[in-house]
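Because only heavy atoms are used, hydrogens play no part in the values below, and waters and symmetry mates are left out as well, while side chains stay in.
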Amino acid sequence: YLTIKTGSEQELFDAVEQTKQKIAELAKLEVDVIHAEGAPIFMSRGYQGEQNDIGELEKTHGIPIFTSGMSHVEALRALGVKRFLGVTYVYPGVTDIYHQSHIRYFSEAGFEVVAMEGLMADSFNSVGRLSSHEVYAFVKKQYKKYKQEKIDGIYMLGSLWRCLDMIPMLEQDTGLPVVHAVPARVWAV
């Protein structure tokens with residue numbers, strides 16, 4: 001685990017070096033694959049920056065490595081999503097620059113991001129206390145706001161959300177595939 005306490009932009013950017021150290025520790029254990037979790041950590045580098053970092057790490061350690069962001073990209077591609085609405089959570093201290101880095105990341109990966117909307121939480125640590133009903137209501141509201149934009153998918157960034165129970169209903173109600181961080185990683189593994 002890393003020492004992320006507040007989820008600030010600087011803390012996430014600084015976590016890349018910690019992540020590289022943890023990857024080296026795992027590589028010494030001679031594991032079969034390494035998954036570096038925490039999408040915003042590598043997304044802050046941009047898609048190509050992430051590809052470069054992971055390519056160097058794979059070359060150094062001789063083990064396949066993927067990040068959360070990479071699994072999200074692959075899940076979106078597997079579902080044929082090209083133009084999507086992104087939703088995430090926000091909390092005090094997170095600025096629009098944070099969301100712009102996510103939009104830039106996915107744009108560099110070849111997607112059209114119609115918007116990246118954030119549900120406000122009291123703090124980074126309180127996100128997990130949002131109910132799946134609150135998350136569903138927020139995402140559905142954003143869907144209604146952007147459905148005229150011809151989106152073909154919904155992307156939910158953030159492992160702290162407790163929302164797995166509402167994803168099938170959201171897919172049924174919108175008629176769109178929904179990619180959430182946790183199922184995307186499990187699928188990728």
Side-chain angles (χ1 to χ4, degrees), residues 7 12 15-16 19 33-55 57-58 64-90 94 96-119 127 130 132 135-189:
L12 293 171
V16 172
T19 302
V33 66
I34 296 173
H35 165 56
E37 189 171 330
I41 294 168
F42 279 95
M43 282 182 176
S44 67
R45 306 284 249 221
Y47 182 75
Q48 193 55 54
E50 174 190 60
Q51 296 296 304
N52 294 341
D53 286 347
I54 295 303
L57 289 165
E58 286 181 328
I65 301 169
F66 71 97
T67 68
S68 295
M70 292 165 69
S71 67
H72 304 172
V73 165
E74 291 305 315
L76 288 163
R77 287 179 179 159
L79 292 167
V81 174
K82 294 182 170 89
R83 182 176 168 86
F84 66 82
L85 163 64
V87 292
T88 188
Y89 38 78
V90 293
V94 172
D96 191 47
I97 293 169
Y98 183 69
H99 295 295
Q100 293 304 316
S101 72
H102 300 136
I103 292 169
R104 186 183 82 239
Y105 175 88
F106 284 105
S107 295
E108 288 175 9
F111 297 95
E112 287 184 62
V113 182
V114 172
M116 193 70 173
E117 297 287 349
L119 174 60
V127 172
L130 294 168
S132 62
V135 175
Y136 175 86
F138 173 76
V139 178
K140 185 79 181 276
K141 180 179 178 182
Q142 300 312 309
Y143 164 74
K144 288 179 180 179
K145 181 177 171 182
Y146 290 101
K147 72 179 180 180
Q148 299 304 319
E149 299 288 328
K150 299 182 181 171
I151 57 175
D152 55 8
I154 297 172
Y155 169 66
M156 298 179 69
L157 172 64
S159 298
L160 295 176
W161 269 342
R162 303 296 176 242
C163 62
L164 296 180
D165 62 328
M166 54 71 81
I167 291 174
M169 184 171 56
L170 185 61
E171 287 183 322
Q172 183 178 1
D173 290 352
T174 64
L176 297 173
V178 175
V179 172
H180 177 261
V182 174
R185 281 196 306 273
V186 172
W187 170 79
V189 170

Got a second to check how far [X]'s [atom1] is from [Y]'s [atom2], nearest 0.5 Å?
X    : Y    : atom1 : atom2 : value
T19  : I34  : OG1   : CD1   : 11.5 Å
M116 : S101 : CE    : OG    : 8.5 Å
E74  : R185 : CD    : CZ    : 15.0 Å
E171 : L176 : CD    : CG    : 9.0 Å
I154 : K140 : CD1   : NZ    : 9.5 Å
Y89  : L157 : OH    : CG    : 6.5 Å

Shortest non-hydrogen separation from [X] to [Y] and the atoms involved:
X   : Y    : answer
G46 : Y105 : C-CD1, 3.7 Å
E37 : S68  : CA-OG, 3.3 Å
Y47 : E108 : N-OE1, 2.7 Å

Kindly indicate whether the side chain of [X], heavy atoms from C-beta on, has any atom under 4.5 Å from the side chain of [Y].
X    : Y    : result
R162 : S132 : no
V87  : W161 : yes
Y143 : I151 : yes
E117 : K141 : no

Item to complete: Spell out, as yes or no, whether a donor-acceptor pair under 3.5 Å connects the side chain of E50 to the backbone of R45.
Response: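 Checked: no pair found.
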
Worksheet item: Can you list the residues that meet the side chain to side chain contact (heavy atoms under 4.5 Å, CB included) rule with A184, with sequence neighbours excluded?
Response: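 By the side chain to side chain contact (heavy atoms under 4.5 Å, CB included) rule, A184 matches S71, H72, A75, V179.
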
Practice prompt. Can you sort out the partners of D152 under side chain to side chain contact (heavy atoms under 4.5 Å, CB included), two or more places apart, ordered by chain and number?
Written response: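 Expected list: V81, K82, R83.
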
Worksheet item: Under the ring pair (Phe, Tyr, Trp, His ring centres under 6.0 Å) test, which residues partner F84, sequence neighbours left out?
Response: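 F84: ring pair (Phe, Tyr, Trp, His ring centres under 6.0 Å) contacts with F106, F111, Y155.
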
Worksheet item: What's the verdict on side-chain contact (heavy atoms from CB on, under 4.5 Å) for F66 and V33, showing C-alpha distance, side-chain angles and the deciding distance?
Response: CA-CA 8 Å; F66 71 97; V33 66; 4.1 Å; yes

